[in-house]
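Here the structure comes first, spelled out in structure tokens, and everything after it is commentary.
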Amino acid sequence: MAGAKTKLSFAISGFPEFTPELRDVERQWLATLAQVFESYGYANIETPSVETVQTLASKGEDVDKEIYALTRLAAVGEGTAKLALHYDLTVPTARYVAKQHGNLTFPFKRYQMQRCWRGERPQEGRYREFTQCDIDVIDADTVSLAYDAEMLEMAVVALTRLKVGPVKFQVSNRRIMDGLATHLGLPDGTLLARILDKVEKLSTEQLSERLTSELGLDAGGIDTCIRFCQIKGGPDAIADGMDALGLSNPDADAGRDALCTLLARVEKSRPADFIIDGDLAISRGFDYYTGVVYEARFIDFPGYPSICAGGRYENLVGQFMKRKLPGVGISIGLTRIFTKLLSEGLLEPGRRSPTEVLVAGDESLAAAEAESLAAQIRATGANVEILPDVSRLDKQLKYANDKGIPYVWIVRDGQHMLKDMTTGTQQDVTVESFAAARAH
């Protein structure tokens, strides 16, 4: 049963905060994701929230206006800020691997779930503070193509466990885009990828104008690009579409083979409410992705930003050390997913309190006795609280009911009763019988 639609609360614009019952669900999500990632052998790491501005700028993206630079409030004469909050987890991981290289076993498989900060204009799905969940594998010299499929498989399993769906994954391979650039006689595929990645947001006239003015393509080249962007679907559709286009060269062929192999593998375990299609226009990370690229969106909310993305990169770590350490990774936008489902009323709230037992009584229950009893019950492993300075039992019961506390341990005239707040039944109880019941 879904919960009611919830309007997000912000302490400061772009910085969401949740009530205890929603934070409880968010924590359950984090625990579920950790369990999925670890089931594939990925170890957890955490990097500092702060990196140097130089490190953050190494990814090659235009992030200068997005990062939150740090200076001390009372700093005088320090000039340009040298430190900033990280805006994603990929660059910090690359720096971490370079720094910890001698202490790591390769292939290095890690997952990371931390807050990130971006100084962009807040809007639905885009926040200034958010939780990102990343999985990456980094190896020396080369990373097996099998990990391309493992990343996608893990992301699908994770989203399925969270009951997030239906979802559509669009998958491509940047080597195909590089092959198209070669086919068109262009020296580099980066600018071509930037333009074609926006094909769904551009009219045919706008796309043609950009391809002409920025790349100098003629009508034949423009037609090739338009037909290229229409190649979508499973392995057969990708192969047939590229053949029809006459797109064949070393990069295009290698990218097609890797993409078709990946799509064939993941199709075998694809959940019914997930679509996983090849889409040759998808590029992402224009300056650093070199192989497979992934992007996922809600099927029911097609205009909403992507909720999961990633790809293969060759030299991010190499920017921090004199050695090639390629990798492949995928990122799940937990806050983006969570807030959308919450706003649509598709999330069932969790518990308002972790308390399992409230120790209660009337005026005959002394504070010292209540505290001692609470400590004994707590020793059985239960989460226990008391309500100090409230002697009326009805108020204590109301408090337990309002907070969703499942049991109230009532002490009255020396008698101990355990009240089930869900059923309203109560029975005699001792610490020993309670402990025994918990053990079973």
Side-chain angles (χ1 to χ4, degrees), residues 25-26 28-44 89-90 107 109-113 125 131-137 143-173 232-238 258-280 282 284-285 289 291-302 304-313 327-341 344 346-347:
V25 178
E26 186 183 39
Q28 291 177 39
W29 277 32
L30 290 168
T32 297
L33 291 176
Q35 185 179 48
V36 171
F37 302 155
E38 290 179 9
S39 74
Y40 283 81
Y42 287 72
N44 181 243
L89 299 176
T90 304
K109 303 171 69 175
R110 84 84 172 91
Y111 75 92
Q112 200 168 343
M113 303 190 295
T131 298
Q132 200 77 4
C133 302
D134 280 20
I135 334 159
D136 283 83
V137 57
V143 176
S144 171
L145 290 176
Y147 288 118
D148 291 2
E150 184 169 277
M151 288 293 155
L152 183 52
E153 182 180 297
M154 273 194 296
V156 171
V157 170
L159 295 179
T160 302
R161 294 271 183 90
L162 297 179
K163 296 181 173 60
V164 173
V167 171
K168 180 177 182 178
F169 274 86
Q170 296 164 288
V171 191
S172 188
N173 192 296
K232 306 175 191 290
D236 292 341
I238 298 299
L259 177 59
C260 291
T261 299
L262 167 63
L263 292 172
R265 171 176 165 175
V266 297
E267 179 63 24
K268 297 176 183 178
S269 58
R270 178 182 60 82
D273 59 344
F274 278 65
I275 296 173
I276 303 176
D277 274 348
D279 187 335
L280 299 193
I282 296 296
R284 301 199 54 85
Y289 283 147
V292 67
V293 286
Y294 321 92
E295 184 170 89
R297 295 177 182 274
F298 286 121
I299 292 176
D300 292 341
F301 312 108
Y304 196 66
S306 61
I307 60 172
C308 183
R312 176 177 283 261
Y313 47 88
V328 59
I330 200 162
S331 179
I332 297 174
L334 185 139
T335 300
R336 182 171 287 179
I337 298 170
F338 189 85
T339 54
K340 183 59 175 175
L341 297 186
E344 295 293 333
L346 298 175
L347 276 185

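- In this structure, the side chains of V137 and R110 stay at 4.5 Å or more apart for every pair of heavy atoms.
- The backbone N or O of C308 lies less than 3.5 Å from no partner atom in the side chain of S306, so there is not a single donor-acceptor pair.
- Nearest approach of G329 to M151, heavy atoms of both residues: CA-SD, 3.9 Å.
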For this session: Kindly determine whether M154 and I330 satisfy side-chain contact (heavy atoms from CB on, under 4.5 Å), including the steps that lead there.
Result: CA-CA 9 Å; M154 273 194 296; I330 200 162; 5.9 Å; no
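- In this structure a side-chain-to-backbone donor-acceptor pair under 3.5 Å is missing from R270 to V156.
- Here the two rings, on Y111 and Y42, have centers that are 6.0 Å apart or farther.
- Distance check, rounded to the nearest 0.5 Å: CZ of F274 to CG of L152 gives 10.0 Å.
- Y40 is listed as a side-chain neighbour of E150, based on a closest heavy-atom distance under 4.5 Å.
- Taking all atoms of both residues into account, the shortest heavy-atom contact from D148 to Y294 is O-OH, 2.6 Å.
- If you take CD1 on I299 and NZ on K168, they are separated by 7.5 Å, rounding to the nearest 0.5 Å.
- Between N44 and M113, the closest heavy-atom pair is ND2-N, 4.4 Å.
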For this session: In sequence, state the C-alpha distance, the side-chain angles, and the governing distance for L30 and L334, and then conclude on side-chain contact (heavy atoms from CB on, under 4.5 Å).
Result: CA-CA 9 Å; L30 290 168; L334 185 139; 3.7 Å; yes
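- Under the 4.5 Å side-chain criterion, counting only non-hydrogen atoms from C-beta, V167 is not in contact with D273.
- The SG atom of C133 sits 10.0 Å away from the CH2 atom of W29 when rounded to the nearest 0.5 Å.
- To the nearest 0.5 Å, the span separating CD1 on I332 from CD1 on I307 amounts to 8.5 Å.
- Counting all heavy atoms, side chain and backbone alike, D279 lies closest to S172 at O-CB, 3.2 Å.
- Put simply, the side chain of R297 gets close to the backbone of Y304: a donor and an acceptor are under 3.5 Å apart.
- Heavy atoms only, all atoms of each residue included: P235 and L263 are closest at CG-CB, 3.9 Å.
- K109 is not listed as a side-chain neighbour of D136, based on a closest heavy-atom distance of 4.5 Å or more.
- Residues Y289 and R312 form no side-chain contact, since every pair of their non-hydrogen atoms from C-beta on lies 4.5 Å or further apart.
- Proximity of Q112 to Q132: side-chain heavy atoms (C-beta onward) are nowhere separated by under 4.5 Å.
- Electrostatic pairing of E267 and R265 does not count as a salt bridge here, judged by no charged N lying under 4.0 Å from a carboxylate O.
- At a threshold of 4.5 Å between non-hydrogen side-chain atoms, the residues I337 and L159 count as touching.
- Heavy-atom contacts from other residues, nucleotides or ligands closer than 6.0 Å to CD of Q28 number more than 12.
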For this session: Would you please test I282 and V171 for side-chain contact (heavy atoms from CB on, under 4.5 Å) and show each step?
Result: CA-CA 7 Å; I282 296 296; V171 191; over 6 Å; no
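- A donor-acceptor distance shorter than 3.5 angstrom exists from the side chain of R336 to the backbone of G125, with no hydrogens or angles considered.
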For this session: Report the C-alpha distance between L33 and L162 in whole Å, list the side-chain angles of each, state the deciding distance to 0.1 Å, and finish with yes or no for side-chain contact (heavy atoms from CB on, under 4.5 Å).
Result: CA-CA 8 Å; L33 291 176; L162 297 179; 3.9 Å; yes
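- Between the CG atom in L341 and the NZ atom in K163 there is a gap of 12.5 Å [rounded to 0.5 Å].
- Checked against the 6.0 Å centroid criterion, the rings of F301 and F298 qualify as a close aromatic pair.
- Closest non-hydrogen pair, V292 versus N173, comes out as N-ND2, 3.5 Å.
- The side-chain heavy atoms of D134 and S331, taken from C-beta on, include a pair separated by under 4.5 Å.
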